2 protein chains.
Amino acid sequence: MKISKAESTRIEILRNAFDLIYQKGYQATSIDDILVKLQVTKGAFYYHFKSKEEMGIALISDVMHKELWPALKKSIGSTNDFRKNLYKMLKDLLIGHPIMTCEYGCPSVNLIQEMAPLNERFRKALKKNLNEWQNLIEEEIIRAQGAGQLSKDHDPKIIALYVITLYHGVRNMGKVLGKTYYATFLKEFENYLNSLK
Amino acid sequence: MKISKAESTRIEILRNAFDLIYQKGYQATSIDDILVKLQVTKGAFYYHFKSKEEMGIALISDVMHKELWPALKKSIGSTNDFRKNLYKMLKDLLIGHPIMTCEYGCPSVNLIQEMAPLNERFRKALKKNLNEWQNLIEEEIIRAQGAGQLSKDHDPKIIALYVITLYHGVRNMGKVLGKTYYATFLKEFENYLNSLK
DNA sequence: TTGGTTACATACTACATGGTATGTTTAATC
DNA sequence: GATTAAACATACCATGTAGTATGTAACCAA
């Protein structure tokens, strides 16, 4: 199933918008900014998206999801030890992801921070991605509990959200403290995982 | 030492700018936005600040610092138990602070997220505030270690940064999950504090 | 080939934005 | 009370912005 030329320009616009919004933010990225690098004009943009908001929503479930989800699934299923898996998941996200840098953080975290309070549609789309990640971690924890690696007293949901919270936090802190903090954080994260009996 | 009328308008501008930037972000808040509610015009603004950037920098060390710092110092010195103190510090920040809401998060976290990668002066000013908080927590941990509440094997700096990381993370997550998550998080944070031997 | 829809390009508008130039009022000093 | 600088107010400008109106080339079915 090959992609049509029209569909490929749609993807091009979304990809470039994703890169720019990742670095400058959604509101600070203009449609002209997105198009100037590509060989398309506003006519193409408004043919594929009825507004900038519509494009932003599409970004979240299209590019952002495809960029992050496979990496998550791969990292979390590396070994049989859930501690190693959760550690590897955050480590790969922080220092092994091809498009994310310490300077600009994580596109999902950034967009939540900026747009969740301002636009309900953005919030819901971002929450959907977050929920998928949460479920992925929960399943891994339940698996670990079944395998006797972790007490069943723990609520998988709480741990899952806590781990995501840590990730969101360290992505924010990294913008101020620089990449060296990632290593410091990962050590303490390891301690936390080992404290889970 | 009473404040002059000129100084009071300067403060008014900064206060109002702080409120608006807190909700909409720095780049999305226009100077006209800031002034329309006040009884001053652009002449006043550019008399007190040579640019929007200069005003933003002043915001961080003036209003933002004065709004957050006293609350931190008060909360962390409540009891003799460092665990209770750190817990109370985050709890008070999350659900007891007069101006912060779950929806809009924390002004400091927001500004770091938005501006740290884009403007080095912002980053440095924000980092200075962060460093003060970090030192405050470190001192409390060192005190606890001296009082035998915590092993001296722990590096106070690492714990301090880890706690701040958690706060930054939960402020981000709260924007998506709502206020109920604050309570969930605080329980798991308590578990973390108790895991520190 | 023709007709029509798709997939854009071009030109434009109304409005917002940071910043400036210049005028005017207030307040302190003598 | 006159002078002068501080503390604003007003009007304006160049630029950027989301969105629109309209034109046109490519493609596809009949």
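Side-chain atoms are counted along with the backbone in the values below, which use heavy atoms only and exclude waters and symmetry mates. Note that the coordinates shown come from a computational prediction; the quantities given were computed from them, not determined experimentally. Note on naming: letters A, B, ... go to the chains in the order of the sequence lines (proteins, then strands), and numbering restarts at 1 for each one.
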Atom NZ of Lys157(A) and atom CD of Gln134(A): how far apart are they, to the nearest 0.5 Å? 6.0 Å
In Å and rounded to the nearest 0.5 Å, what is the CZ to CG distance from Phe45(A) to Leu35(A)? 6.5 Å
Walking along DNA chain C from 5' to 3', note the first and the last nucleotide with an atom under 4.0 Å from a heavy atom of chain A, and give both. dT6(C) to dT10(C)
Any donor-acceptor N or O pair under 3.5 Å, side chains Thr79(B), Asn85(B): yes
Just by distance, no angles: are the side chains of Asn191(B) and Glu188(B) close enough, under 3.5 Å, to form a donor-acceptor pair? yes
Taking salt bridge (Lys or Arg N to Asp or Glu O under 4.0 Å) as the definition, give me every residue that meets it alongside Glu53(B), ordered by chain and number, with sequence neighbours left out. Arg121(B)
Can you list every side-chain hydrogen bond (donor to acceptor under 3.5 Å, both in side chains) pair that touches residues 35-44 of chain B, not counting sequence neighbours? none
With no hydrogens and no angle check, is any side-chain donor or acceptor of Lys197(B) less than 3.5 Å from a backbone partner on Asn194(B)? yes
Is any side-chain heavy atom of Tyr26(A) closer than 4.5 Å to one of Asn119(A)? no
Partners passing ring pair (Phe, Tyr, Trp, His ring centres under 6.0 Å) against Tyr192(B) (at least two apart in sequence or in another chain): Tyr162(B)
For the residue pair Tyr22(B) and Phe18(B), does the interplanar ring angle fall in the parallel (under 30°), tilted (30 to 60°) or perpendicular (over 60°) class? parallel
Using whole Å, report how far OH of Tyr47(B) lies from C1' of dA6(D). 5 Å
Strictly below 4.0 Å, heavy-atom distances to any atom of DNA chain D: list the hits from residues 7-22 of chain B, or just say none. Thr9(B)
Reading nucleotides 9-26 of chain D 5' to 3', which nucleotides get B (base under 4.0 Å from a protein heavy atom), which S (sugar-phosphate only), which -? BB------SBBB------
